[in-house]
Number of protein chains: 2
Amino acid sequence: MTGKKTKLSKSNSEQRIRARNEAKILKSAVELFSRKGFDGTRIAEIAEASGLPKANVYYYFANKAAIYTRLIEGVLTGWDRALEHITPDREPREALSLYIAAKLDYSRKHASESRFFANEMLRGGKFLSRQQKRHMKEITREYARVIEGWMEEGKIVRVDPNHFLIMLWATTQFYADFSTVAAATVEKKHLTASDFETARSTIVDIILNNCVPPR
Amino acid sequence: MTGKKTKLSKSNSEQRIRARNEAKILKSAVELFSRKGFDGTRIAEIAEASGLPKANVYYYFANKAAIYTRLIEGVLTGWDRALEHITPDREPREALSLYIAAKLDYSRKHASESRFFANEMLRGGKFLSRQQKRHMKEITREYARVIEGWMEEGKIVRVDPNHFLIMLWATTQFYADFSTVAAATVEKKHLTASDFETARSTIVDIILNNCVPPR
DNA sequence: GTCTATATGTTGATAGAC
DNA sequence: GTCTATCAACATATAGAC
C-alpha cells in the first residue's frame with residue numbers, strides 16, 4: 001500500500017539469481033535427505049553441496065522443514081504423471097505396460113526423489129500435509145476403480161485391485177530405492193539402461209501375461 | 001593370565017541383567033533407527049525409550065555404531081531364514097508359496113527390522129561389512145541358481161531369474177517398509193492379519209499362476 | 001551395574017557488515 | 001544478494017561417585 005513499486009516487484013536478474021540458487025539448494029537437499037532423512041541431514045551439508053554459504057540457504061528458505069516440504073510437493077507431482085498412463089479407455093495391456101515403463105523410467109532418472117519419498121514413508125509420512133495425504137488417497141482410489149472396471153469387463157483376471165496396485169508400485173519403486181540391492185543382484189556396480197529394460201520386460205511378462213488374457 | 005577367576009567369569013545374575021538390558025536397548029534402537037536412520041537417531045532417545053539413563057547405554061555398547069551393526073547382523077539372519085524355504089528339491093509352486101508367505105510374515109511381525117534394513121539400503125549400505133555384502137551376494141546367487149534350474153527343467157516359464165527374485169523381494173518387503181502406503185491403499189489405519197492374507201494370495205496368484213504351468 | 005555431572009564438539013538459526 | 005561471526009541448544013561420549 002505504501003511501498004514503492006521498485007520494492008514490490010523484483011528485477012529480472014534478482015529473480016533469476018533466486019531461481020538458480022533455490023534450484024541448487026533443492027537439488028543438493030533431495031540427494032542428502034534421500035540418504036540420511038530429515039533429522040540426519042545438516043543444513044551445513046546442504047550448503048556445502050550447493051556451493052553456497054550456510055547463511056545463504058537461510059536467505060532462501062526459512063528453515064530445514066521449508067526445504068523438505070518443497071521437495072515433497074515436487075515428488076508428488078512426478079508420481080501423478082506416471083499414473084496418468086492408466087486411463088479407463090485404454091486397453092489394460094497397453095495402459096499397464098506404459099505405466100510400468102514410465103514408473104521405471106522415473107525410478108532411473110529421478111532416483112534421489114524416489115529415495116527421498118521412500119525415506120519419508122519409512123518415517124510414517126509425518127511431513128505430509130493433510131491435503132497431500134488426501135490427494136494420495138484419492139489418486140489411489142481413482143486408479144483402483146479403473147482396474148476394477150477392467151476386471152468387471154473381463155479384460156483382466158479378478159484379483160484384489162488394491163494389492164494389484166501395490167504390486168505395480170512395489171516392483172517399480174524397488175529399482176530406485178534399493179538400487180544397491182538390485183545392482184548387486186545383477187552382479188554390477190550400477191544399474192544400466194539395459195538392466196532397467198530387462199526389469200521392465202520381466203515385470204510386464206509376469207504381471208501382464210498372467211492377468212491379461214491373450215488377444 | 002593374571003586375572004582372578006571371579007573377575008573373568010561373570011555371575012549368572014550379572015549375565016542376566018546384561019542380556020535383559022542389551023535386549024531393551026536393541027529393541028528401542030531398531031524402532032528409532034528404522035524411522036530416522038543412523039544420523040537422525042539420538043542416543044538420548046534410545047536411552048529414554050529403553051527406560052535407562054543415557055550413561056547405561058554406553059555401559060553396554062561402546063558407541064552408536066556398535067548398536068547399529070549388532071542390529072544389522074540380526075536382520076541378515078532373519079532374512080536368510082525366509083529364503084530357506086526355497087530348495088531345489090521342492091516343486092516351484094510349493095517353494096515359492098512358502099517363501100512368499102514366510103517373507104510376508106516377517107514383514108508383519110518384524111516390521112521395524114525390515115524398515116531398519118530398508119533405511120540402511122537407502123543410505124547405500126555404508127554400514128555393511130565387506131563380509132556381510134559378500135554373504136548377501138552369495139545367497140542371492142544361490143537362489144537365482146535354484147530358479148534357473150527350475151526354468152531349465154521347464155518347471156517355470158523362462159524370465160530373467162535375477163529380476164524374478166527382485167520381484168519377490170520387492171512385493172513382500174513393501175508391506176513392511178511402506179505399510180503406511182499399503183494401509184492407506186486398503187483404506188485402513190493399520191494393516192491387519194487379513195490384509196496380509198489378501199496380499200499373500202494376490203502375490204501368489206499373479207506370480208505363480210503365470211510362471212508355473214498348471215499341473 | 002547405576003547414575004549425575006560434565007567435557008568437548010556440532011547444529012540450527014540469526015545479526016549485521018559489505 | 002553475499003558472507004563472516006556468533007550464540008544458544010543440543011549432541012556424543014566420559015569421569016567418577018555410589
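Letters go in sequence order (proteins before strands), and every chain restarts at 1.
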Participant: Describe, in one word, how the ring planes of Trp169(B) and Trp79(B) are oriented to each other, choosing from parallel (under 30°), tilted (30 to 60°) and perpendicular (over 60°).
Facilitator: perpendicular
Participant: Rounding to an integer number of Å, can you tell me how far Glu48(B) CD sits from dC3(C) P?
Facilitator: 15 Å
Participant: Measuring to OP1 and OP2 of dC10(D), would you say a side-chain N or O of Arg42(B) lies under 4.0 angstrom away?
Facilitator: no
Participant: Answer yes when Glu31(A) and Arg115(A) have at least one side-chain N-carboxylate O distance shorter than 4.0 Å, and no when they do not.
Facilitator: yes
Participant: Please work out if Thr41(B) contacts a base, only the sugar-phosphate, or nothing of the nucleic acid, heavy-atom cut-off 4.0 Å.
Facilitator: sugar-phosphate
Participant: Check the distance between dT2(D)'s C1' and Arg18(A)'s CZ and give it to me in whole angstrom.
Facilitator: 13 Å
Participant: For the residue pair Tyr106(A) / Glu113(A), report whether a side-chain donor-acceptor contact shorter than 3.5 Å exists.
Facilitator: no
Participant: Looking at residues 52-65 of chain A, who's got a heavy atom less than 4.0 Å off DNA chain D?
Facilitator: Pro53(A), Ala55(A), Asn56(A), Tyr59(A), Tyr60(A)
Participant: Just how far, in rounded Å, is C1' of dA13(C) from OH of Tyr68(A)?
Facilitator: 20 Å
Participant: Does Arg200(B) come within less than 4.0 Å of Asp195(B), counting only side-chain N to carboxylate O?
Facilitator: no
Participant: Taking CZ from Arg20(A) and P from dT2(D), how many angstroms apart are they, rounded to a whole number?
Facilitator: 8 Å
Participant: Are Glu84(A) and Tyr99(A) close enough that a side-chain donor and a side-chain acceptor fall under 3.5 Å?
Facilitator: no
Participant: In whole angstrom, give the distance that lies between atom NZ of Lys36(A) and atom P of dG12(C).
Facilitator: 10 Å
Participant: Quick one: does Asp80(A)'s side chain get under 4.5 Å of Ile139(A)'s, heavy atoms only?
Facilitator: yes
Participant: Rounding to an integer number of Å, can you tell me how far Asp39(B) CG sits from dG12(C) C1'?
Facilitator: 16 Å
Participant: Whole angstrom is fine here: how far is it from CD1 in Ile43(B) over to C1' in dG9(C)?
Facilitator: 15 Å
